[in-house]
Structures are given as structure tokens and as C-alpha cells.
Amino acid sequence: MNRLINEVEPARRKTLAMPKEIIGHGTWFDKMAVEILERERSLGRSLNLIRTEMGITASGFPHVGSFGDAARSFAVTLALKAQKHNSELIAFSDDKDGLRKVPAGMPQSLKKYLGFPVSSIPDPYKCHKSYGKHMSSLLLEALDKCGIDYRFMSGYEAYKTGLFNKEIETILLNAERIGEIIKEEVGQEKFTEALPYFPVCSNCGRIYTTQAHNFLPKEDKILYSCKGMEIKGQWMEGCGHKDEADYTKGEGKLSWKAEFAARWKVLDIRFEAYGKDIADSVRVNDRICQEILDYTPPMHAKYEMFLDISGKRYSKSAGRIFSPQLWFRYGSPQSLLLLMLKRFVGARSLSVTDIPKYMNELDELEDIHFGKKEITDEKERAKLNGIYKYSWMLKPPARPSLHIPYNLLTYLAKVAPKDSETEFITAKLKEYGYKTERDSEDLERRIVYALNWAQDYIEIKETTTETTAKETTALREFIQTLQVEKGEDQIQGAIFNIARKHEIKPSRFFQIVYTILLGAPQGPRLGSYIIAMGKKNVTAALKKALAQG
RNA sequence: GGGCCCGUAGCUCAGCAAGGAUAGAGCACCGGGCUUUUAACCCGGGGGUCCCGGGUUCAAUUCCCGGCGGGCCCGCCA
């Protein structure tokens with residue numbers, strides 16, 4: 001093959017060396033699907049149903065990171081399906097986990113439930129069966145909104161119904177070796193003594209205060225004592241109770257250091273992505289899965305955490321929650337999916353202020369998808385088009401939508417007069433030549449995003465500005481004129497005339513008026529804006545500014 | 001102590017997965033157009049040792065190794 005390339009003239013090399021076939025939709029996910037299939041084939045496992053998995057945290061508010069896990073895993077499932085293999089995503093709720101900390105913004109009354117499994121804590125908002133259910137459903141709502149399809153499983157139910165019984169037994173019987181594996185991989189010695197299982201204390205109801213020290217295989221029982229544990233730098237005191245737990249009845253759960261392995265084997269999981277914060281646990285589980293449970297663990301993909309603008313990680317409990325719901329206030333589900341899917345690796349700073357970028361980028365990708373924008377490189381085109389399709393979870397719309405730059409919409413939203421925002425914006429867009437009658441539903445959604453944005457992030461302040469005596473006189477005259485002039489053009493013209501009459505550069509005079517009305521040195525065409533805003537309001541604002549200046 | 005990510009235009013970044021021709025975008029800046037200067041929009045312009053050094057290759061911003069600089073994660077639980 002190499003020789004052949006060398007013999008042809010250089011200009012043709014590319015076409016010969018390049019024509020590697022584009023895999024699937026040309027994205028990372030398609031490549032991953034191929035790798036999974038190759039791996040499964042070489043392992044000789046059945047390809048009838050290839051399962052991917054994600055974990056749902058139920059102990060705190062879901063944030064965009066948890067959402068990303070789901071979006072990426074589901075994209076892999078879709079890629080597998082695109083290659084004609086049956087696949088499904090398991091959404092496994094970690095609702096048997098204990099509450100470690102009361103999340104910021106939640107009632108302090110929850111403190112008494114610290115250490116309790118989140119599925120046995122009442123929902124403080126009273127809309128769900130439990131605290132855990134409330135939290136996990138927030139994420140599930142976001143998934144539904146984005147068209148992410150999954151099979152839901154509850155950890156609490158799984159333990160209760162004995163789904164992991166056999167694996168728990170194997171793990172407990174091999175606890176010593178597991179303790180060594182953990183020590184080898186992460187240097188933690190705790191499990192060389194304690195069993196990798198947390199019983200729920202039959203006396204105080206907490207799960208993280210117990211230590212399991214003996215396993216009685218014949219009776220399916222685990223002996224424990226409720227001695228307390230350090231969680232997130234805080235000592236959680238145990239009640240001192242000693243008892244036995246029956247693991248077949250779900251009277252406890254496996255530690256994460258061994259639970260994934262059990263899940264992978266029982267559910268026959270072939271792919272699971274994970275954030276780098278749990279990389280150690282995954283490594284440990286991979287070994288336990290292979291060496292103890294005799295099941296080759298799923299293929300993995302590791303992704304980075306999201307950072308906020310100051311470089312700190314988005315934390316579920318730090319009160320800086322960037323939730324999917326927050327995103328949907330300013331941007332479409334597809335724009336969030338685009339963020340998650342366009343790149344797999346790499347840390348990313350993320351701020352709400354990035355949303356407009358992704359909204360615009362999605363429009364650009366849509367242009368490529370519908371052939372409105374030319375991309376000469378075939379591979380590049382396939383990839384961008386693929387990302388677009390995955391942003392729609394492979395169900396892209398049949399027709400392109402009406403594209404309006406996000407910043408234009410927020411700009412219009414900012415200056416739109418109260419109570420007639422949509423009308424004002426639509427009228428302006430029409431004036432700029434946009435075909436607003438088309439796709440009015442989509443347009444309305446875009447306007448709502450922009451209005452939310454403007455409301456939350458752009459402060460309109462009527463401000464005063466330093467003016468010279470000449471300028472003050474001019475402003476007074478302008479106020480007078482406003483009482484008389486009726487039309488947009490007349491007002492527009494009057495500004496020029498008054499400025500010239502008082503020997504002020506029109507640009508300076510415009511600046512003054514904009515600053516007073518909008519708090520910014522420029523803005524929309526004033527004649528029409530003043531009409532839209534209402535002459536009374538404008539007059540009042542100008543008078544106020546004069547009085548203060 | 002262990003591991004990971006990032007370093008591309010003045011700023012923010014894309015491109016890097018499966019290496020390919022003059023390396024892109026937004027913002028900012030400069031010039032022009034849009035019924036007489038302003039927003040939006042459109043057209044044009046300047047601006048880069050793709051962090052440094054090796055290696056692989058016909059070909060490296062892209063892959064590999066080693067530096068330097070910035071940042072993150074884990075080291076209890078999850």
C-alpha cells in the first residue's frame with residue numbers, strides 16, 4: 001500500500017491515503033461503538049443486546065456533569081444501534097446511598113437524616129416518595145426532555161429484591177483478596193479488615209456509621225457494629241449498636257469499591273463512561289469484576305469534570321449548581337446535548353454565559369446538515385453533520401429552523417418595552433428581514449430564552465451622565481420636541497437637528513440619550529425605540545436624568 | 001504520594017479521535033455599505049515560532065517520548 005502511494009504524484013496522495021471509510025456518522029461515538037463491538041467479538045460474548053450504563057446520584061441535586069454522563073452513554077447506545085446492534089442504556093439510581101451532607105439550599109431539618117439511605121428519607125418538598133426519588137427524578141426529567149431513552153433501575157429495589165445476592169456472596173467470601181486489591185490499587189487498607197459492605201443499622205437507621213466485620217455464609221448474615229465514620233471531614237458518630245444484617249433482604253449495600261463490579265456482571269454491562277473523580281473506584285472494580293466475579297468488565301471512557309469560570313469544580317453540594325434545568329431556561333435541549341457531545345475528553349470551564357455560543361453553533365451545524373453551508377473536507381463534513389444529528393439524538397428535524405443570532409435576540413429582549421416584548425422583538429426582526437411568520441413556535445421559544453437571559457443577566461439601568469451646559473439645554477429642547485413630534489422619523493430627525501443647532505456632534509448627543517435610556521452608549525434606532533417605549537416613559541426618564549445631573 | 005487535562009490570533013476558544021495542501025471562528029481593532037454617523041446586519045482588512053526539544057512519517061497543530069508553564073481529580077465516602 002505504501003509503495004503504491006509513493007508512486008503517484010504528490011497531489012493525488014491525499015485522495016489515496018485518505019479515503020478511509022467514514023464510520024457511522026463520523027463521530028467519536030461511532031468509533032467507540034466499533035471498538036466495543038470488536039472487543040466483544042474477541043471476547044466471544046453475545047451481541048444480541050449490548051448494554052451501556054450510567055449512575056444517577058440521588059443524594060444531591062443533579063448538575064450538568066451528571067447529565068453529560070447520560071448524554072454520552074446514550075450516544076454510544078445510539079451509535080451501536082446505528083450499526084444495527086440492539087442496545088440499551090441502564091440508568092441506575094444510587095438511591096441506597098447515604099446522605100453525606102445537607103445540600104446548600106435545602107432545609108437544615110434534613111440534618112437528622114445524615115447517614116440515612118436517601119430512599120428512606122422523606123422528600124422535603126413532599127412531591128416524591130423520598131428524598132432520593134426527588135433528586136433522581138430531576139435528572140430523569142432532563143433526560144426525557146432531551147429524548148434520552150433509558151431503562152431505569154433503583155439500587156434500593158435491586159438490593160431489596162436480591163438482584164445481587166449471588167455476587168454479594170462471592171464478594172464477601174473473597175473479601176480478603178478484595179481488600180488486597182484495594183490496597184494495591186489505591187493504597188487504602190481499610191478493607192483488609194472491614195468487609196466491603198455497609199449494613200443499615202437496625203437501631204439508628206444509618207448506613208455509613210456501620211462497619212461489617214464478619215460474614216456468616218450459611219446464614220446469609222453479616223455481623224456489624226455501628227461505630228461511626230468520617231465523612232467529608234466530619235465525624236459521624238455511630239450509635240454503638242451491634243447486630244447482624246441479612247444481605248439477601250437488602251439490609252445494606254456493597255461499598256462502591258465493589259458494587260460496580262456486581263452491577264456490571266449481573267446486568268451484563270458492556271460500556272460505562274465515568275468522570276475522573278471516580279477513576280480509582282473504577283480501576284478497583286475492574287479488577288474485582290475480572291478476578292473475583294470472573295466477568296470481563298465493560299469498556300470505559302473517562303471524561304473530565306466541568307469547571308466553573310473561576311476554575312472550581314461544579315459541586316453538587318456547594319450551592320453552585322449548574323443544573324440542566326438552569327440551562328433550559330436560556331438554551332434548548334439540543335444546545336446542551338451539543339455541549340456534551342461535541343467533545344468527549346478535555347476539561348472545560350463552563351458558565352451560563354456560554355449558552356449563547358452553543359445556541360449559535362447548533363444553528364451553524366444545522367446549516368451544514370441542510371447543505372446551506374459548504375464544508376469541502378468530507379471527513380470534516382461528516383463529523384460536523386454527525387454531531388448535529390447526535391445533538392438531536394439521531395432524530396433531526398425535517399426542515400431547518402429560522403436562525404437568529406442569539407445576541408441579537410438578547411439585545412432586542414433587553415431593549416424591548418415592558419408588556420409587549422414579543423411583539424416588539426418580532427416586529428424588529430421583520431424589519432431586519434427575517435421571515436418571522438415561518439416556524440413561529442421555534443421562534444417563540446427562542447424569544448423566551450432571550451427574554452430570560454435579558455431578565456437575569458442584563459441589567460438595564462437608566463443612568464445619569466455628565467453633560468455640559470450646552471448638552472443640558474439640548475436635552476431640554478429634545479424633551480419639548482417629544483411632546484409635539486409624532487412619528488419615528490420625525491423624532492429621529494429631531495435628534496440630529498437639535499444636536500446641530502446646539503453645536504453638538506450628533507454622535508455625542510445620541511450617546512447621551514442612549515446612556516440615559518439604556519445605560520449603554522448605543523442602542524436601537526432611537527426614533528422607533530422611543531415610540532415603542534412610550535413617549536411618556538422616555539420623557540420621564542430624561543427629566544429624571546436632568547434633575548440628577 | 002498516585003493519576004488526568006490544558007497550552008493555537010490582543011482576548012475566549014474550535015480543529016487533534018481514523019496525520020494531508022495557504023491553520024479557523026467569535027469578540028476586540030481598522031475601513032466601507034445599509035436613505036443623510038449611532039444598533040443590528042453585510043462586505044473587506046491587519047494580526048499566529050499552533051509552549052519548547054526530540055522521535056515516527058513522503059507529510060505532525062494532530063501520533064510517540066522528554067521538558068516547561070497553568071489547572072484539576074483521587075488519596076474517607078460516594
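In what follows, chains carry the letters A, B, and so on, assigned in the order in which the sequence lines appear, proteins first and then strands, with residues in each chain numbered from 1.
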Phosphate contact ([N] OP1 or OP2) by [X] side-chain N/O below 4.0 Å:
X	N	answer
A:Ser281	B:rC74	no
A:Lys379	B:rG20	yes
A:Lys383	B:rC16	yes
A:Gln188	B:rC77	yes

Whole angstroms only, please: what is the [atom1]-[atom2] distance between [X] and [N]?
X	N	atom1	atom2	result
A:Leu338	B:rA14	CG	P	12 Å
A:Ile22	B:rA17	CD1	C1'	14 Å
A:Asn360	B:rC27	CG	C1'	12 Å
A:Ile36	B:rA17	CD1	C1'	14 Å
A:Tyr303	B:rC5	OH	P	16 Å
A:Leu409	B:rC41	CG	P	11 Å
A:Leu384	B:rA14	CG	C1'	10 Å

Sticking with atom [atom1], work out how far [N] lies from [M], rounded to a whole angstrom.
N	M	atom1	answer
B:rG70	B:rG26	P	32 Å
B:rC64	B:rU22	C1'	28 Å
B:rU49	B:rG3	C1'	32 Å
B:rU36	B:rG44	C1'	24 Å
B:rG19	B:rA60	C1'	6 Å
B:rU61	B:rG7	P	15 Å
B:rA9	B:rG47	C1'	6 Å
B:rG46	B:rC41	P	22 Å

Side-chain-base donor-acceptor pair under 3.5 Å for A:Lys276 and B:rC72: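 It does, because a donor-acceptor pair links the side chain of A:Lys276 to the base of B:rC72 below 3.5 Å.
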Any base atoms under 4.0 Å from [X], or only sugar-phosphate, or nothing? Heavy atoms, all strands.
X	result
A:Lys96	nothing
A:Gly228	nothing
A:Thr27	base
A:Lys190	sugar-phosphate

Nucleotide opposite B:rC72 in a Watson-Crick or G-U pair, distances under 3.5 Å: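 In the structure as shown, B:rC72 has B:rG3 as its Watson-Crick or wobble partner.
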Any strand: nucleotide that pairs with B:rC27 via Watson-Crick or wobble, under 3.5 Å: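 Partner of B:rC27: B:rG10.
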Counting side-chain heavy atoms from C-beta on, which of [options] comes nearest to [X]?
X	options	value
A:Lys302	B:rC41, B:rG3, B:rC73	B:rG3
A:Ile23	B:rC4, B:rC74, B:rA18	B:rA18
A:Met305	B:rC73, B:rA14, B:rC16	B:rC73

Whether A:Asp30 side chain and A:Thr27 backbone form a donor-acceptor pair below 3.5 Å: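 Judged by distance alone, yes, a pair lies under 3.5 Å.
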Backbone of A:Leu362 reached by a side-chain donor or acceptor of A:Gln334 within 3.5 Å: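 Flag not set: sc A:Gln334 to bb A:Leu362 has no pair under 3.5 Å.
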Residues A:Thr52 and A:Ser73: side-chain donor-acceptor under 3.5 angstrom: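 No.
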Output field: ring centroids A:Tyr113/A:Tyr131 closer than 6.0 Å: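 Centroid distance A:Tyr113-A:Tyr131: not below 6.0 Å, so no.
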Residue closer to the 5' end of RNA chain B, A:Glu361 versus A:Phe198 (nearest nucleotide):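 Counting from the 5' end, the first nearest nucleotide belongs to A:Glu361.
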A:Arg263 side chain reached by A:Phe164 side chain, heavy atoms, under 4.5 Å: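 Yes - at least one pair of side-chain heavy atoms lies under 4.5 Å apart.
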A:Leu114 side chain near A:Tyr208 side chain, heavy-atom distance below 4.5 Å: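 The answer is no, as the side chains (C-beta and beyond) never meet within the 4.5 Å cut-off.
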Each nucleotide N or O in nucleotides 23-25 of chain B that has a protein N or O under 3.5 Å away: list the pair and distance.
none

Distance, nearest 0.5 Å, that separates CG of A:Leu429 from CG of A:Leu443: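 Result: 6.5 Å between the selected atoms.
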Test log, rule ring-ring contact (aromatic ring centres under 6.0 Å, His included), inputs A:Trp256 and A:Phe260: CA-CA 6 Å; A:Trp256 257 23; A:Phe260 296 163; 5.0 Å; yes
Heavy-atom closest contact (A:Lys227 atom, A:Glu237 atom, distance):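 Nearest heavy atoms, A:Lys227 then A:Glu237: O-OE2, 4.4 Å.
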